[in-house]
Structures are given as structure tokens and as C-alpha cells.
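Working notes, structure below.
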Amino acid sequence: MDRMERKKEEFQSDESYNAKEIEEKWARVWEKTGVYSLKSDRSKPKYYVLEMFPYPSGEPHMGHARNYTIGDVVARVLARKGYNVLHPIGYDAFGLPAENAAIKSGIHPKDSTMANINKMRKALKRMGMSYEFADEIITCEPDYYKWTQWFFLLFYKMGLAEKKRAKVNWCNSCQTVLANEQVISGRCERCDSEVTKKVLAQWFFKITEYAQRLLDDMKLLEGGWPERVLTIQRNWIGRSEGAIVNFRLLDDSKDIVIPIFTTRPDTLYGVTFFIIAPEHPLVDEIVKDSDYRKEVERVKEIILKQSDIERSSTEVEKIGCFTGRYVINPLNGEKVPVWIANYVLLEYGTGAIMAVPAHDERDFEFAQKYNIPVREVISPDGKEHEKLAKAYVDEGIMINSGIFNGINSVEGRKKIVSYLEENNLGKFTINYKLKDWLISRQRYWGAPIPIIYCDNCGTVPVPEKDLPVLLPYNVDFRPTGMSPLSYSEEFVNTICPECGQKAKRETDTMDTFVCSSWYFLRYCSPHYEKAPFERSEVDYWMPVDQYIGGIEHATMHLIYARFFTKVLYDAGLVNFKEPFIKYFPHGVVNLGGQKMSKSKGNIVNPSQIYNKYGADTLRLYILFIGPADSIVDWSDSGVEGAYRFLGRLWRLVVANIKFLQKNSIEEKCKSTSVVLDCKNQFMNGELGKLEKELYRKLHQTIKKVTQDVLDRFSFNTAISAIMELVNLMYKYNDTVSDDKKNVLLIKESTEKLLVLLSPIVPFITEELWSRMGKQDSIHRVSWPTYDEEVAKEELVTIIFQVNGKLRDKKDLPVDMPPEEMEKEALNSEKVRKFIGSREIVKKIVVPNKLVNIVIK
RNA sequence: GCCCGAGUGGCGGAACAGGUAGACGCAACGGACUUAAAAUCCGUUGAGGUUUUGACCUCGUGCCAGUUCGAUUCUGGCCUCGGGCACCA
């Protein structure tokens, strides 16, 4: 063949890998044949694979691509392994970005959201994601948020939803309140601007009532959830054990008791002063008619001017002042001066503390500044120390503690609590840092809270039959700090369902995290009209077997969804306590060491990659880039590498197809009498050295890929194993001439290679599969199995060490008896050289691994 | 400050029960093909040294110790980075 002809052939379209063409083609075919769905039938075991659903912001970003590719591969492999797989998709469609964009652009949030959902869906299909597209859910549709509202009413009935006045987080940029979970180190989770405090009446879900169960049920998640995520949640819930101790105010006329919370009741004898939070309601009472009033008010004013962030920072100087009053230490009857100070917060514990400067760093610092006495009551060695240079916060032996002297502080803690309880002076208490979940939002684009306020009847829940409370379309939703719905006459004005009089609707909408706290249940019966979900479907599919999504939701969505599930369990609506059995947090994709962000202009969109190289390259690269749970940096040359591999795969398979066409198995079969099967050939020793190596590699690869994907979520190593197989197949093709090639081996290895790759790169494998003459989709072929006998090496490289250092190695039969291994090692010239004339002290033989000769 | 997690070539990473450190890929270099380039294929690639050119030796997984015949892996201490909590009593 001359050069021109060869060139011509290379340029023929069916010869070279054209990602765009084949991907568009197969997307069309799959749409028609329903290959996207992984549901099969209920005779098979079920498996529910779920990725956190997206907020429809337009086209998916790289984080989405990573999240969904991981989920897609897992879901596809499980389906091929014979599971009935639920792998749904939907859109978390309420939320601020659409509303903010609307304020700028004038496009209604509903319209932009729906347009974005269409973009998103198109992109997901373009990337080859195997979702139940017919069962999508969209949280901003009335047939979904009707049930979000239904759940609100359920919580209300159960006494778990309440409106209360509280000091709440206020984001001035978003013009709404925020839940505690949505404030990240003093800043708004969404817009990053500083969060201030306001006292407002707001709706809360009482998640605090579930604090202990959220902790206890973590034992159901151990093994399925990464420990670090559970640790984050534990920290967030912030359980601490201690005691409430009642201090009586020294007062002739009134009997005022101020309780405090402490985790160190064993230090009660060390109390030398007492602090109440400056905004504590008792402060005014205490200083009334007192000479100290003016000074206390002055200091209080200074403290209240400090922002919450300032005040809760350890950097800020501690300030406070004496109130002129005293409390009585219930244990020893001592008179203790009462102070106010900026480091005592009203929100935590009881808003007042007993101060023990000898054993608390903060109290120590304060005492030093204001010359308050320090009394040591816990000593590391049981002796009293002249002057403490700093607070001793560890355990020790109790001193200066009356009848408790000489007792270990851990023991003393229990004894003092018992004493307090017996004498009605206090009690054992558990405190949590977790706060109730604030779900009201003063914004338009959310599910309206289904509550009516009536002058006669008070707060009245909207009757179930009147749901959904529809979100009106025509509303002026410019943020004013008031809910936009309050300006909508048609929305606000209603009739009280109880007395029929004119009444007004609640105008706040719900936090979108409420919508996402139950969506995984809706997926089980997305079109059900009688209830949020059909019980039998939820019983069948739930809980989610594998959940995948970003760890940034550890203290938000993931804790809310767990809470919701427990409430539904208590209501008898579900029979499981935890929604997600296993959770895998994928890492983020950075660019240039920084988070991709529009403002920084360092963004690579999935569409750029699939438009240039194809979706298969995108998927392959995003899995190969590094361990799925680690933060990775985007690399353009890495993408090139992935693309190159697909080209290499393409050429290999196309060449093998050609070869197989020329050398049909039927032809070969005529020449032998035995049934031809590669495994038989292998077992019968009919394969040549390289053939045997290739066949073994094939089985080893099946084993490794299966385990890496399903047991370890280790996609990068699974792919590298497949690359090794491809390299070996190339080597075989290059080394062995066509007339000597094993037809069966080529056929089997090519087919299985494609099947192994098909969940990762669904398009190219489908195309090559069809080119092999297959009628059915590769995505319906069952997952290959491996044979341990074949996968097992017959030779292993045994390491010969002298004094732990590698000196020689030799390929020896697997499972060689230790004595023989030892003999082999001692026969090695190199080993003998290193031993020389020295005495052998010890010989260590590890079967199938090594021999180590220890010499003096 | 407290609690987690991680530190391995020029780079991303592998080594999944304490046993060959650097799989696979990127980048770089050399070669083949080509008039040339691209693409492709093959090879080399941790550092240092010895060298009869076949190979051989020493060091090397953040740092310092320890346990062990043997440590990237286990233990203790330290350093750096990332994350969580944080005047939380």
C-alpha cells in the first residue's frame, strides 16, 4: 500500500475516533431505547444510588460533573451486577440565586429556573448520565412543595415547629434570616457577607430535641460514613456533660436564684467570682438603686456595641465590671461577687457562670486583669502551689475543697453532683451547642409556610385539603427585609379556616433545606398524588444505599435530612431511622490551586471539555485525576492524556475487530475437535507464555476493577488497571504475528475490556461494541466475572534480603514451602556475597513474599 | 486553644493485613515513521556514586526518636498544610 492510500484510509471517518459524532448518535439511540434507566425488576435485590441533587444554576459545573460521574459509574456497575437500581435526578429549584438574578435581569425566578433546568438536563444527558429522567422532581413545582408544606404541618402537629422570638442571624446582603448552620465563621454561607444579630419572631424546627438521637444513631452509620463527617457532626451538636448549679443572690427582700451551667462541678470550691451575661434580664434588677448602676450600664453599653463576631473571638480583650452584689456558693456558703463580662454569652448554658480562675483559662485572664483572688482546688500532685502562672485545666487531686479533699477530680465531679442533687442545689445536665433550626426566610422564591393568623383564633395551620398554599407569580420581590409576599394583597388576605373571619397568611417562605430534607423519599414514588410518598415504594427502596455529595453539607443538609427522617420515623411514616446507609463525600475540583469561581475567572466548564474532546474524555479524566474523595487540581494536559487513551483504545479495538473479521472463530474451530474456550485452553496449558500472561491479566483486571469501584470508590486505580491491560494487549498484537494470534483470546479480551470500561466511558464502548457486530446495547451486558484460578499468578517474585536490605530476587512458584524458599535464597550468589563468612543469626521466611537472612 | 485528616519523583498519584517504594498517567528527553510537522509507535526518566557498559553500591516516602529481622505503613514527640469547633463555661 503506498503512502497516499494509507493516508486516505486513516482519514476515513469510520477509522478514527470521532467523539462528537458517536456521542450524539448514541444519545439519540438511548433516548429512544430507554437505556438511561437502570431499573429492572423486583425479583432482584434493590440498590438506591443517590447523588445530592443540583441547584439549577445554568449549566453544570465541574463539581457536578465529578459528583455525577462517580454516582453514574457506581450505579451502572451495580445494575450490571444484577441489582435493581434506583438512580434518580431532580432539581433543588427554590433558592436565592434565581431571585437575586431576577432582581438584576427582570426575568422571573420561575422562568429562569425552568430554563436552567432544561439546560441542566440536556447537559446531564450529554454527559451520559444514567438517570430516571422520566421521574425527575422539581422542588419549586406545586406538586412537590405541597408536600413540603404538608411536612411543615406534620411538624407543627407534633409540636416540633414553633414560632418564637429569638436573637437570630441576619444577612444584610440577602435581606433574610439564616439558620445557625448557614453561618460559616460569622459569614453568610451563600454570599459570604458578615452576619449580624436581630431579635425577631421566627419559625423554628426543634432539632435540639433530637440532638441526642442524632448522636446515638451515628453508630448505625459507622463504617458507611467517613469518620471525619461524623466527627464534624459531633462537634456541631457539641454535647457536653456537666451540672446546673443554683447560686442564690444575697438579698434581704427577695429570693432570687441564678442557675449556672458548668462542666467542672469538681471546681466549685475554687469559685472566687460570678459572671452573668451583660444582656441577662436580671442585670437591671440586680443593679437597680445601686451605686454601681451607672458603671454597669456604661460597661454594658460598650460590650453590646461589640459585634457578635468580635465578642466571640478569643482575641478581644476581656472586659467587665463588678455589680456590687453577691451570690452564695451553695457548697461552702461563701459570699461571691457578681460581675458582668463580655465573654459570657446569654445564648449558651444559662447565661451565667461560676468563675474558677485557677482552673479556667478565661476566668484566669479576667481575674488577673481585675485583681480577683485565685484559689487552687485541683492539684496535679495533691500539694498546694504558691502562685499559679496559668490556669490548671487538667484533672488532679482535690484540695481546699472541704470534705472532698484528696479525691481525684473525676471522681469528685460525680460526688459533688450527687451532693448537689441530694440537697436540691443543682442537678446533672447535658448541654448541646446545637440550636433549633430557623426555617423562616424573608424572601419570595421558596415554599410558603402554611400558617394563617386570625385575630380570633390566633395561629391556625392551613388545613391539609387546602394545600398547596400557592406561591403567587406576580409579586414585587425586591428585598426590603420584609417578606415580598407581605406586599401581595391576593396572597396575604384570606379567610380563617376555623372561624371564617378575615385573616392573614404567614408571608415568610421556608428555608430551601426543608425541601431537600425529604426529596430522596419523593423519588421512590415521584408522581404519587395522595401523599408525599407511597409507603410501599418507600419501604422497598429506602434507605438510600449509597449517597454521594459534597462534604460542605455535613452540618447542613446532611444533619437536617437525618433529623427529618427521625421525625418521620416517630410519626410512623417510615420504618428506618437513618436515610443514608453509606455516604461518600467527593472532593472539590480546583484550578491553579484555587476554588473555581466566576469572580476569579478561573473556571473550566464541563461543556468546554465535552465539546472539545467528548463526554467520555471528561468522565475518564475526572475519575482518573485522583482519589475521588480528595481535592484535585484541574490539568489540561491530564485531559489530553485521557483523550489519548481513548484514541489508543479505539485503534486497538478497531484493529482487533478487523482481525476477527478476517479470522472468524468458526474457521478456527473446524481445525480442532475440542470446544474452543479460552479458559479451557488456559487450563489445558495450550496458551503460549504471552497469551497466558494476557489471559491472566484480563481476569486480574476484572477482579481489580470490580473491587476498586464497588469496595473502595477507587476509580483512578481501576482505570490504571485497565490501562495496563490495554498496554499488554498492544504488546501482544505487536509481538505476535497475525497468523499466530489466538482468535478466541483476542475476542474475549476485547469484549471484556469494553464491558469493563462501559460504565466509565459509555459512548465509545457502545460504538465499538456495535462495531463488533453486537445487536444489544453494551449497557445491558452483565458484569464480567473472574476466575480466581486464572487470576492467580503461578510465579511470584520472592525478595531475598540480608539484614532487611534487598539483595536479590527470583521468580518462584506460588506457595513454595518455606524450606525451599530459604534454600533458594541461600543459593543466590548475591545473597552469599553479602553473608560472606558472617554468622547467620536468624532466617525469616514469609510465604510468597520474601526471605530475610539476618547475620551478625 | 481543642478535635480530626494529610505530607511519597519535575507534576497528579500507586503501594488496599508491617515485606520489591514510585504502578498508571502527565511533563521532559531519545529513537522509529515523515521532505517536514502533527498524530502514532517504541524506549529512558527519584538523587548520588562506582563502572571492565554487563551491571553494581549508597541514600531516599515532612523532621527526630522508638518498636521490629524488616516501617511510606505501627508508637511517641515536633514541623507544615487542609478541615471542623471555638471566650461554649
[X] vs [N]: side-chain N/O to OP1/OP2 distance below 4.0 Å:
{"X": "Arg644(A)", "N": "rC26(B)", "value": "yes"}
{"X": "Asn727(A)", "N": "rG25(B)", "value": "yes"}
{"X": "Arg648(A)", "N": "rC41(B)", "value": "yes"}

Using the side-chain heavy atoms of [X], tell me which of these nucleotides is nearest: [options].
{"X": "Ser630(A)", "options": "rG13(B), rU40(B), rA89(B)", "answer": "rG13(B)"}
{"X": "Tyr730(A)", "options": "rC87(B), rA14(B), rC41(B)", "answer": "rC41(B)"}
{"X": "Lys842(A)", "options": "rC42(B), rA89(B), rC69(B)", "answer": "rC69(B)"}
{"X": "Asn342(A)", "options": "rC85(B), rG19(B), rC87(B)", "answer": "rC87(B)"}
{"X": "Arg712(A)", "options": "rA15(B), rA89(B), rG19(B)", "answer": "rA15(B)"}
{"X": "Val846(A)", "options": "rA15(B), rC88(B), rG19(B)", "answer": "rG19(B)"}

Same-atom distance (C1') from rC81(B) to rU8(B), integer angstrom: 15 Å
Inter-nucleotide C1' distance (rA14(B), rG9(B)), Å rounded: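 Pairwise C1' distance, rA14(B) against rG9(B), rounds to 13 Å.
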Heavy-atom protein contacts under 4.0 Å, nucleotides 46-59 of chain B, coded B base, S sugar-phosphate only, - none: ----------SSSS
Residue of the set Phe645(A), Trp634(A), Phe715(A) for which ring pair (Phe, Tyr, Trp, His ring centres under 6.0 Å) holds with Tyr621(A): Trp634(A)
Pairing partner of [N] (Watson-Crick or G-U wobble, both distances under 3.5 Å):
{"N": "rA47(B)", "result": "rU58(B)"}
{"N": "rU75(B)", "result": "rA65(B)"}
{"N": "rU53(B)", "result": "none"}
{"N": "rG10(B)", "result": "rC26(B)"}
{"N": "rA32(B)", "result": "rU40(B)"}
{"N": "rA15(B)", "result": "none"}
{"N": "rC81(B)", "result": "rG5(B)"}

For atom [atom1] of [X] and atom [atom2] of [N], their distance in whole Å:
{"X": "Ile237(A)", "N": "rC4(B)", "atom1": "CD1", "atom2": "P", "value": "17 Å"}
{"X": "Phe645(A)", "N": "rC41(B)", "atom1": "CZ", "atom2": "P", "value": "11 Å"}
{"X": "Ile184(A)", "N": "rA86(B)", "atom1": "CD1", "atom2": "P", "value": "10 Å"}
{"X": "Asp360(A)", "N": "rA86(B)", "atom1": "CG", "atom2": "C1'", "value": "13 Å"}
{"X": "Asn431(A)", "N": "rA86(B)", "atom1": "CG", "atom2": "P", "value": "14 Å"}
{"X": "Asn716(A)", "N": "rA15(B)", "atom1": "CG", "atom2": "P", "value": "8 Å"}
{"X": "Ile232(A)", "N": "rC2(B)", "atom1": "CD1", "atom2": "P", "value": "19 Å"}
{"X": "Lys704(A)", "N": "rC16(B)", "atom1": "NZ", "atom2": "C1'", "value": "7 Å"}

Syn-anti status, with the boundary at 90° from 0, for the nucleotide rA17(B):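 Syn, since the glycosidic angle lies within 90° of 0.
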Candidate pair Arg696(A) and Glu793(A), rule salt bridge (charged side-chain N to carboxylate O under 4.0 Å, His left out), full reasoning: CA-CA 8 Å; Arg696(A) 177 174 289 132; Glu793(A) 296 281 355; 3.7 Å; yes
